[in-house]
Amino acid sequence: MNTLLLFVLLLNPQESILEEGLRYEEAGNYAEALRTWERAFLEYEKPSFFIAREYIRVATQQQLRENYETASSMYFWGLTDTTF
């Protein structure tokens with residue numbers, strides 16, 4: 001792994017969680033990707049628009065209806081991200 005990327009991921013654990021979820025998605029493990037991103041939603045005070053967006057995208061593309069309520073909550077959580 002690129003040293004600079006590793007440094008950035010260590011500074012911002014949410015980026016690491018985003019990448020971890022994307023790896024699960026790429027492997028076809030959609031439920032684990034959603035659990036990974038939900039962990040950020042539950043554990044971090046700082047919201048992430050990018051994690052919320054990916055959660056919503058995967059839940060809707062895969063029609064994982066049991067995750068729609070969480071996706072709705074993450075939508076509002078993500079909108080409060082002021083980093084961009």
Inset, instruction - Report yes if some heavy atom in the side chain of Y44 is under 4.5 Å from a heavy atom in the side chain of I51; otherwise report no. - result: no
Legend entry - Which residues share a side-chain contact (heavy atoms from CB on, under 4.5 Å) with R57, sequence neighbours left out: L22, E25, E54, Q61
Under 3.5 Å, which donor-acceptor pairs link side chains of residues 30-41 to any protein atom two or more places apart or in another chain?
residue	atom	partner	partner atom	Å
E32	OE1	R35	NE	3.1
E32	OE1	R35	NH2	2.8
T36	OG1	E32	O	2.8
W37	NE1	I17	O	3.3
W37	NE1	L18	O	3.3
R39	NH2	E20	OE1	3.3

Inset, instruction - Give, for atom OG of S73 and atom OH of Y68, the distance between the pair rounded to the nearest 0.5 Å. - result: 15.0 Å
Inset, instruction - Kindly give the heavy-atom pair with the smallest separation between A52 and G78, and that separation in Å. - result: CB-CA, 3.8 Å
Inset, instruction - Kindly determine whether N67 and Q62 satisfy side-chain contact (heavy atoms from CB on, under 4.5 Å), including the steps that lead there. - result: CA-CA 10 Å; N67 298 96; Q62 300 305 316; over 6 Å; no
Legend entry - Straight-line distance of T80 OG1 to F49 CZ, nearest 0.5 Å: 11.5 Å
Inset, instruction - Keeping to residues at least two apart or across chains, list the salt bridge (charged side-chain N to carboxylate O under 4.0 Å, His left out) pairs with something in residues 58-80. - result: none
Legend entry - Shared-cluster residues of Y75, by chain and number - hydrophobic side chains joined below 4.5 Å: I56, F76, L79
Inset, instruction - Tell me who clusters with Y24, hydrophobic residues only, linked when side chains sit under 4.5 Å apart either directly or through other members. - result: none
